[in-house]
Structure formats: C-alpha cells, structure tokens
Amino acid sequence: MNLRNILVPLGGLALVGFGFYAYGWAGVAAVVGGLVMWTLLHFTRLVNVMKKAAKRPIGYVGSAVMLNARLAEGVNLMHVVAMTQALGERLSPEGEDPEIYRWTDGTQSHVTCEFRHGKLVKWALVRPQADADTPAQEA
C-alpha cells in the first residue's frame, strides 16, 4: 500500500485543523483556498502535458540519446511524458506492475523505461548497429 495515499489527506486535514485552531473559520477558509489552488495547479499541469502529448505519435521522441541522458531514477511517468511530449508505447500488459514503456526516435534508437508504482526504476538505451556496407559520410 502506498503510504502517500494516507498521509496526504491526513496532512490536509491537519492543516485545516491548525487553521481553525489558529484563526477560526477565516483560517479554515484560507487553508482550504490554498489546498484548492494547489490541486488546480497540478491539474492544469497534467492537462497541459497531456495536450502536448496528444499532438505527437505514441512512442516517439525527438532524440532517444538525449532522453536517456535526462532520465533520473524515481521520477514519475507524468514527468517522463512531459520531457518527451509523447505518450510511451506500452510493452507490458494492462494493469500489471512493473509498467514498461518505450520511446523511439527517427534513427530507430529507443529508450525502454520500467516504472514500479508509477516511479522510474530503470531504463535502457538501445541504438541500432550501423551497417558495415555503408560508407561513413564525410564532412
């Protein structure tokens, strides 16, 4: 069980209780207003991230190498979607943990990310092998 699901509502109730204890009903109104503003800020960010992701193909990223360099352990899926501005191609079955997603760029390099409980735990960059038959381009 995720402890955050219990602690966040309890923290909100504690803030409301403290607001009432310190300032009466005006304190409750101020704390509830702050909590509503915090919720609306997170909802607005989620909507903006999903709006940008809706405009790009599923599983596409501009540069898989740059995505690999920017990833960090412990970030949530919404943060990775915000970085790539695209939803990942789901590789794991629906509703199973860990969730595995892949983002591929135009050179067929791809980053496969594994999320446990919504947090990034590991990722791998795969770059295609260059053909030995094709000569390297000269500058």
Side-chain angles (χ1 to χ4, degrees):
M1 174 148 189
N2 192 355
L3 199 56
R4 184 179 288 178
N5 292 341
I6 296 171
L7 292 181
V8 170
L10 286 179
L13 286 175
L15 282 174
V16 170
F18 175 75
F20 182 75
Y21 175 75
Y23 299 103
W25 289 109
V28 170
V31 169
V32 169
L35 291 174
V36 167
M37 180 63 71
W38 179 76
T39 304
L40 288 174
L41 285 171
H42 283 282
F43 180 74
T44 302
R45 180 169 186 255
L46 175 68
V47 169
N48 284 334
V49 166
M50 297 309 283
K51 194 182 298 185
K52 289 178 184 176
K55 295 178 183 176
R56 301 208 39 198
I58 291 178
Y60 177 78
V61 66
S63 172
V65 175
M66 291 303 294
L67 174 62
N68 181 58
R70 293 178 63 197
L71 289 174
E73 191 171 330
V75 298
N76 60 17
L77 179 59
M78 187 180 88
H79 185 79
V80 176
V81 170
M83 279 195 296
T84 62
Q85 296 183 352
L87 297 174
E89 174 189 358
R90 187 183 195 106
L91 301 178
S92 62
E94 182 77 27
E96 280 194 18
D97 204 35
E99 297 174 308
I100 300 172
Y101 293 93
R102 176 178 291 163
W103 285 269
T104 307
D105 65 8
T107 64
Q108 300 309 309
S109 298
H110 61 267
V111 176
T112 304
C113 299
E114 182 178 318
F115 295 87
R116 282 203 173 95
H117 307 295
K119 301 288 184 182
L120 182 64
V121 291
K122 64 181 179 177
W123 65 95
L125 170 67
V126 176
R127 298 179 81 175
Q129 295 292 331
D131 292 333
D133 300 334
T134 58
Q137 292 182 356
E138 295 182 24

- Nearest 0.5 Å, what's the CE-CE distance between Met83 and Met78?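 Rounded to the nearest 0.5 Å, the CE-CE separation comes out at 11.5 Å.
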- Item | From CG (Leu67) to NE2 (His110), nearest 0.5 Å |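 Interatomic distance, Leu67 CG to His110 NE2, rounded to 0.5 Å: 12.0 Å.
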- Begin with the C-alpha distance, continue with both residues' side-chain angles, and end with the deciding distance and a verdict on salt bridge (Lys or Arg N to Asp or Glu O under 4.0 Å) for Glu114 and Lys122. CA-CA 5 Å; Glu114 182 178 318; Lys122 64 181 179 177; 3.7 Å; yes
Do you reckon [X] sits in the same ILVMFWY cluster as [Y], going by side-chain contacts under 4.5 Å, direct or chained?
| X | Y | result |
| --- | --- | --- |
| Leu15 | Trp25 | yes |
| Leu46 | Leu87 | yes |
| Trp123 | Met66 | no |
| Val32 | Leu40 | yes |

- Kindly indicate whether the side chain of Arg127, heavy atoms from C-beta on, has any atom under 4.5 Å from the side chain of Thr107.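 The answer is no, as the side chains (C-beta and beyond) never meet within the 4.5 Å cut-off.
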- Message: With a 4.5 Å cut-off on side-chain heavy atoms, are Val61 and Thr104 touching?
- Response: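 Side chain of Thr104 against side chain of Val61, heavy atoms only: no contact under 4.5 Å found.
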[X] to [Y] - nearest heavy-atom pair and separation:
| X | Y | result |
| --- | --- | --- |
| Asp97 | Arg116 | OD1-CA, 3.6 Å |
| Ile58 | Gly88 | CG2-O, 3.6 Å |
| Asp105 | Ala64 | OD2-N, 3.1 Å |

- Task: For Ser92 and Ile100, indicate whether the former's side chain and the latter's backbone hold a donor-acceptor pair under 3.5 Å.
- Result: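 Yes, because the side chain of Ser92 sits within donor-acceptor range (under 3.5 Å) of the backbone of Ile100.
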- Message: Please identify which of these residues, Thr84, Thr112, Asn68, meets the side-chain hydrogen bond (donor to acceptor under 3.5 Å, both in side chains) condition with Trp103.
- Response: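 Only match with Trp103 under side-chain hydrogen bond (donor to acceptor under 3.5 Å, both in side chains): Thr84.
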